[in-house]
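The block underneath contains the structure these notes are about, expressed in structure tokens.
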Amino acid sequence: YSKPGRKTSSLKLEPPFFASFCSPPRIKDEPDDDGFYASPKEDSKPLKRPREDDDFKTFFEEKGNIVACSDRFLLILQDSKAKKAKSKDKKVPEADKRKKPKKEEEQKWKWWEEERYPEGIKWKFLEHKGPVFAPPYEPLPENVKFYYDGKVMKLSTKAEEVATFFAKMLDHEYTTKEIFRKNFFKDWRKEMTSEEKSTITNLSKCDFTHMSQYFKAQSEARKQMSKEEKQKIKEENERLLKEYGYCVMDNHKERIANFKIEPPGLFRGRGNHPKMGMLKRRIMPEDIIINCSKDSKIPPPPPGHKWKEVRHDNKVTWLVSWTENIQGSIKYIMLNPSSRIKGEKDWQKYETARRLKKCVDKIRNQYREDWKSKEMKVRQRAVALYFIDKLALRAGNEKEEGETADTVGCCSLRVEHIKLHPELDGQEYVVEFDFLGKDSIRYYNKVPVEKRVFKNLQLFMENKQPEDDLFDRLNTSILNKHLQDLMEGLTAKVFRTYNASITLQQQLKELTNPDDNIPAKILSYNRANRAVAILCNHQRAPPKTFEKSMMNLQSKIDAKKEQLADARRELKSAKADAKVRRDEKSKKTVESKKKAVQRIEEQLMKLEVQATDREENKQIALGTSKLNYLDPRISVAWCKKWGIPIEKIYNKTQREKFAWAIDMAEEDYEF
DNA sequence: GTAGTTACTTAGTACATTTTCC
DNA sequence: GGAAAATGTACTAAGTAACTAC
């Protein structure tokens, strides 16, 4: 196994392989600098660079500067005028060439300028080094004891390992939960020797505190490590990343998202999960399926081991997979969001959402009509779709009962999840939603709906028990089939993407004040972002330090208020003074005091805005929508329009993920 | 229709690292 | 310079949705 510092012969870097990373066998020219960008005199040249594989060319048909792809996904080309400006920009500062960073910048592969593979084919060549396994278990030192029923007990290695998983969680509330303890104990006993099994019959008699203290001391020691030691660990991680963190896919070196196999431990699902506490077992090479090219260097399994299977399936994007033992689901190793394969898909997602924009009015009219249908199924479908559209609810697939936490989405809503109020707080036809959604995050909302929707809901709830399905004639499959008929590629989740992106665009238009300075504009951006996060119900647990940092801010505000009061008093007395004295000097004093008051008022306002901003953000997570729902081109265009550096909106990782958008969107981009 | 399987996106949390503040 | 706060990253769970076989 590839535990740090335990390099075995088979894991040694073999020069030919590594060399293939630096210059893979079939590598074509990396985006070569100025050469490719349409230079001013090359206006008519198509901007899409074809893939070099001729056999794929036939799938594409060029129409002016729009390329129609086999999957009808339109690749809209960049505005050539903008390109011109860009290539000019690139050439002008020839004199002040900052060599290094520029060179690196130019080496970034612009996959979005190339043609895409036909539907279904994900790659033509794939080579990687396989996964990194979890480090093997290191038994506890002799002096760390486990006690059963008050007596010291030496555990077998296997039993001890599982015991340490529990010991490490001792401070968590869930080790006190009945289900967690029951599941853990059941699985732990499976790892025990028959002797241990006969002795250890009651979890409550187990004393893990010594073990727990030992781990706490360990992590404390880790924090106290010297700089050199920390540096060493860092370098080791970098080495691992360099060796296993990349693959070669179609002539390009691409970053892998999760090249480390998940280590064993105790499963903790989110919310009230029936399987919490179960043992997540150690993954062995024998569990692993490797996916790569036939003609690539196939990663060798660790010595003495075999892979479960090696396959060569270029219809999928994963490099490694295994079946996990808690739910029996498949886990994958895939590429980073900055990779071509993820980026293209992401881009395509937003293009689908933009296509929805064009027909959303028609679809809305349609489902409003369907509220009157004589078919129950159609009515349910129409009301569900209304919720998905208006409230950005998730589709709501069915789940196997008892296998996961009890959470729902739109199609799986039950009668108990909504309350109907013919009138509430002066509003008519209010629906009160209260249910647990994905990750057991509560969705609570009171929404006035149209009368027809309300009446339909009353109808759907007639003669039903609270635990009955609200939409008993509907599921996600039916709904998505219908959506497919309305627009190619339309599914329930497209509405979330569409509504999130369109909301951002509209909010940015509304909130951005051209006269504001950059920080104020960024605040507006965050507010627009927040509107989306609220729409999508992206919540977070308030940070542990939230109350404290809020209090700090409040005391700053209080101090500023006092300062303001003082300044005002001084201004007042200065004014009185000036009235009496009527000389230039005292007039000047009044002016300067006035300015001081103004300055402090401004500072106070800023602090108060900051406080509001933070308070509003207490339970709202902006990251998820930014990363998954907001067409990055909207943000890029906004930045360009107002001269905001993109770094203020996207950090490094995000800029890598959205490189395509940053490169192609101009300030006039419209979602 | 439905149940099972597979592949892929979306999600929040814990921990690590960087920045800010005093 | 060190603590605290803010920000970034790794991790992996939990969704969506397509497909297959009956």
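Every chain is numbered from 1, with letters handed out A, B, ... down the list of sequences.
With a heavy-atom cut-off of 4.0 Å to chain A, the contacted part of DNA chain C has its first and last nucleotide at C/dA5 to C/dA18.
The base of B/dT9 does not come close enough to the side chain of A/Lys342 for any donor and acceptor atom to sit less than 3.5 Å apart.
Put simply, CG on A/Asp469 is 11 Å from P on B/dT2, counting in whole angstrom units. Between A/Ile330 atom CD1 and B/dT6 atom P there is a gap of 4 Å when expressed in whole angstrom units. Put simply, CG on A/Asn291 is 13 Å from C1' on B/dT6, counting in whole angstrom units. B/dC8 atom C1' lies 15 Å from atom CG of A/Asn480, rounded to whole Å. Computed from coordinates, the A/Glu344 CD to B/dC8 C1' distance equals 15 Å when rounded to whole Å.
No salt bridge links A/Glu236 with A/Lys232; every basic N to acidic carboxylate O contact stays at or beyond 4.0 Å.
At B/dT6, none of the side-chain N or O atoms of A/Tyr332 fall inside 4.0 Å of OP1 or OP2 (strictly under the cut-off). For B/dA14, neither phosphate oxygen OP1 nor OP2 lies less than 4.0 angstrom from any side-chain nitrogen or oxygen of A/Arg540. Contact check, A/Arg268 against B/dA14: no side-chain N or O comes under 4.0 Å of OP1 or OP2. Of the side-chain N and O atoms in A/Lys349, one or more sit less than 4.0 angstrom from OP1 or OP2 of B/dT10.
Among the protein residues, A/Ala395 comes within range of the sugar-phosphate backbone only, with heavy atoms under 4.0 Å from sugar or phosphate atoms but none that close to a base. Residue A/Thr476 is out of contact with every strand shown, counting any heavy-atom pair closer than 4.0 Å. A/Arg473 comes within 4.0 angstrom of nothing in the nucleic acid, heavy atoms only. Backbone-only contact: A/Gly437 has heavy atoms under 4.0 Å from sugar-phosphate atoms and none from a base.
The minimum heavy-atom distance linking A/Pro264 with A/Arg281 is given by the pair CB-C, 4.0 Å.
Both A/Gly269 and A/Val494 lie close to DNA chain C; mapped to their nearest nucleotides by heavy-atom distance, the more 5′-ward contact belongs to A/Gly269. Where A/Gln539 and A/Asn475 each meet DNA chain B at their nearest nucleotide, the meeting point lying more 5' is that of A/Asn475. The nearest heavy atom of DNA chain B to A/Lys223 and to A/Lys315 marks one nucleotide each, and the one closer to the 5' end goes with A/Lys315. Each of A/Cys410 and A/Asn651 has a nearest nucleotide on DNA chain C; the 5'-most of these lies closest to A/Asn651.
Annotation: cation-pi pair A/Lys280/A/Phe267 absent, no NZ/CZ under 6.0 Å from the ring centroid and within 45° of its normal.
Aromatic pair A/Phe184/A/Phe166: centroids less than 6.0 angstrom apart. If you look at A/His417 and A/Tyr443, their ring centroids are not closer than 6.0 Å. The distance between the ring centers of A/Tyr444 and A/Phe433 does not fall below 6.0 angstrom.
Heavy atoms of other residues, nucleotides or ligands lying less than 6.0 angstrom from NZ of A/Lys648 number 12 at most.
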